[in-house]
Amino acid sequence: MKELFKINQFNLMASDLIALNRSLPDVRLEGCKTKTYPDDLPNTSIVIVFHNEAWSTLLRTVHSVINRSPRRLLSEVILVDDASERDFLKSSLEKYVKRLEVPIKIIRMEQRSGLIRARLRGAKASKGQVITFLDAHCECTLGWLEPLLARIKEDRRTVVCPIIDVISDDTFEYMAGSDMTYGGFNWKLNFRWYPVPQREMDRRKGDRTLPVRTPTMAGGLFSIDRNYFEEIGTYDSGMDIWGGENLEMSFRIWQCGGSLEIVTCSHVGHVFRKATPYTFPGGTGHVINKNNRRLAEVWMDEFKDFFYIISPGVVKVDYGDVSVRKMLRGKLKCKPFSWYLENIYPDSQIPRRYYSLGEIRNVETNQCLDNMGRKENEKVGIFNCHGMGGNQVFSYTADKEIRTDDLCLDVSRLSGPVIMLKCHHMRGNQLWEYDSETRTFLHVITQSCLTVGKVEDGVHGPTVEFCNGSPLQKWTLRNYTRLEVFSNIFYSPTDYFL
Ligand code: LR7
Ligand code: MN
């Protein structure tokens with residue numbers, strides 16, 4: 001079992017023992033089970049790209065599509081083989097799919113191209129009114145397709161995702177995903193799930209069966225009107241292998257007038273893996289950095305700095321030519337990234353308005369605040385400044401938080417240690433007032449100052465102490481960014497340029 005696990009980074013032995021057409025629990029909300037949909041829904045092509053996928057997971061995906069989709073809504077299934085090296089994916093696969101009752105097309109990439117270009121090829125060959133993309137290790141559940149297509153019929157500029165349930169990589173047990181999480185991303189441009197905020201619950205008047213507007217999508221499972229897919233600029237074909245395309249498409253959809261939703265009545269399972277089983281020609285880091293740079297350069301405007309300052313290495317990556325994508329942005333008259341943050345993702349980890357971004361350096365010791373790995377509930381440290389971004393990057397925001405990603409500097413009592421806690425926007429223990437003249441950070445609630453702990457007292461991290469004018473309480477902030485609105489509220493604009 002352990003040997004077989006390595007081939008695909010999931011329990012292949014378990015998968016091979018489970019029927020290709022196994023039953024699954026109906027995990028939908030009660031309110032979803034009784035919904036009805038129009039008779040004239042658009043039909044869809046299903047596009048599944050794969051590189052060295054296992055037989056049982058690939059075919060279980062195909063069977064679940066066939067078994068749980070009304071035949072009239074299924075135009076075809078397109079399998080795009082991204083230059084797999086496994087024999088059973090050649091003629092055996094072709095023979096097997098011929099006997100299935102739905103037309104299945106197999107397209108072979110002549111060389112390893114990555115999932116983005118493979119999907120582009122599949123989309124081009126498809127003829128359904130809608131294109132539905134799935135990873136090659138999914139299982140569709142009862143009633144998954146109708147609510148997706150119905151939403152697109154209502155509004156063809158809505159791109160829709162199902163709730164992605166978890167198929168255990170160990171036991172292949174099927175576990176319902178939550179309708180209370182949606183897609184976001186962090187400063188490093190990693191896709192992350194976050195709780196659906198109250199404003200989105202309110203907009204839906206508490207009805208959890210209504211679609212959730214999501215800032216980003218995971219990327220693997222979604223349906224899109226085929227003409228809209230073209231109009232909005234398909235994918236960035238300059239992206240290699242894996243990564244970045246999901247955020248690129250999410251930003252593009254929102255900024256260029258579409259919308260992105262999780263349709264909570266649709267559930268599709270996916271085998272989540274802890275590691276990738278396949279190679280990244282050119283190196284994993286290089287590939288992902290290149291893709292992320294392409295999306296940051298085209299879509300994120302000045303907010304790309306959050307990504308670049310925390311990961312200075314990416315700035316050195318050759319990301320090719322993005323002029324065609326920039327032209328697309330112009331042609332579609334897409335809105336700025338600040339609009340997206342303001343209107344679509346106000347709870348983002350990236351503050352819309354902020355004062356500083358970069359290291360926070362103590363005047364006396366010349367050392368820098370350090371979040372020591374960005375762990376919740378951990379003490380903040382103070383170490384020699386390394387200028388390498390990462391754990392020494394903080395932003396002092398217009399909300400007067402000192403934050404790094406979704407964590408904020410927080411302290412609950414005088415002389416207490418400063419720790420990192422989830423930002424709560426309730427001011428309280430996370431409210432800091434910077435004074436550019438004295439260069440102090442006043443912790444408002446305790447009326448004390450951010451101070452370097454004295455090592456001789458056995459304190460290594462910063463604390464808050466009565467303000468006494470000591471240089472141990474003076475801090476310089478880097479990369480002051482003057483944002484108009486912010487400056488008008490608080491200080492005169494020139495105050496903050498050192
Ligand atoms: O070179 C490649 N060629 C391919 O055809 C590399 C991959 N692939 C195929 C692969 O066989 C698979 O079918 O592309 C598909 C996605 O690759 P995975 O399953 O290794 O990716 P993932 O599930 O870890 O990653 C998520 O993020 C990716 C970013 O590029 C893609 O958008 C994936 O589709 C996406 N998967 C999901 O959204 C499922 C939910 C995961 C989450 C969160
Ligand atoms: Mn996957």
Side-chain angles (χ1 to χ4, degrees), residues 7-10 15 46-55 57-62 65 77-86 89 93 106-123 132-140 159-169 175 177-178 181-186 189-194 214-224 235-236 239-250 260 262 267-284 287-292 294-295:
I7 304 176
N8 299 90
Q9 294 296 337
F10 53 64
S15 178
I46 311 282
V47 174
I48 300 169
V49 304
F50 64 93
H51 175 74
N52 287 344
E53 187 64 43
W55 177 269
T57 44
L58 175 63
L59 286 161
R60 201 174 294 114
T61 309
V62 173
V65 167
V77 177
I78 297 184
L79 303 178
V80 186
D81 173 9
D82 187 12
S84 300
E85 294 128 351
R86 302 198 178 146
L89 294 170
L93 181 65
I106 300 180
I107 297 173
R108 313 271 185 191
M109 304 299 283
E110 7 346 294
Q111 55 176 34
R112 177 80 182 280
S113 310
L115 71 94
I116 296 117
R117 289 192 284 271
R119 278 187 199 157
L120 282 169
R121 184 74 68 83
T132 298
F133 294 97
L134 296 176
D135 274 8
H137 31 260
C138 289
E139 284 175 75
C140 305
V159 178
V160 288
C161 312
I163 290 185
I164 305 178
D165 296 329
V166 176
I167 301 170
S168 162
D169 60 343
M175 294 170 282
S178 168
T181 58
Y182 77 174
F185 61 95
N186 64 14
L189 299 188
N190 303 121
F191 170 86
R192 287 280 179 273
W193 301 107
Y194 295 99
T214 181
T216 72
M217 65 167 151
L221 293 65
F222 66 97
S223 298
I224 185 168
Y235 271 125
D236 177 357
M239 288 187 172
D240 302 330
I241 306 296
W242 184 99
E245 94 295 342
N246 53 333
L247 296 190
E248 193 272 344
M249 186 169 233
S250 306
L260 181 59
I262 296 170
H267 279 262
V268 178
H270 169 262
V271 183
F272 284 79
R273 295 184 276 210
K274 294 172 189 80
T276 40
Y278 44 77
T279 58
F280 277 63
T284 316
V287 168
I288 296 173
N289 285 341
K290 172 183 168 183
N291 292 353
N292 283 339
R294 291 182 70 87
L295 85 93

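When a residue number appears, it is its place in the shown sequence, counting from 1. First listed ligand is number 1; within each ligand, the first listed atom is number 1. Note that the structure is a prediction, hence the values are computed from the model and not measured.
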Chemist: Is the closest N or O pair between Ile164 and ligand 1 shorter than 3.5 Å?
Modeler: no
Chemist: Can you find an N/O atom of Gly244 closer than 3.5 Å to an N/O atom of ligand 1?
Modeler: no
Chemist: Using a 4.0 Å cut-off to any heavy atom of Glu245, which atoms of ligand 1 qualify?
Modeler: 29 (C), 30 (O), 31 (C), 32 (O)
Chemist: Rounded to the nearest 10°, what angle sits at the Mn ion (ligand 2) between NE2 of His270 and NE2 of His137?
Modeler: 90°
Chemist: Is there side-chain contact between Glu248 and Arg294, with heavy atoms separated by less than 4.5 Å?
Modeler: no
Chemist: Which ligand 1 atoms, with their elements, are less than 4.0 angstrom from a heavy-atom of Trp193?
Modeler: 43 (C)
Chemist: Geometry only, no angles: is Ala136 polar-contacting ligand 1 at N/O separations under 3.5 Å?
Modeler: yes
Chemist: Using a plain distance cutoff, I'd like to know if Ala118 has any nitrogen or oxygen under 3.5 Å from a nitrogen or oxygen of ligand 1.
Modeler: no
Chemist: Heavy atoms only, cut-off 4.0 Å: how does Arg273 contact ligand 1, side chain, backbone, both, or neither?
Modeler: side chain
Chemist: Checking the N or O distance criterion of under 3.5 Å, is ligand 1 in contact with Tyr278?
Modeler: yes
Chemist: Please name the atom of Asp135, restricted to N, O or S, that is closest to the Mn ion (ligand 2).
Modeler: OD2
Chemist: At a non-hydrogen distance cut-off of under 4.0 Å, which region of His51 contacts ligand 1 (side chain, backbone, both, or neither)?
Modeler: both
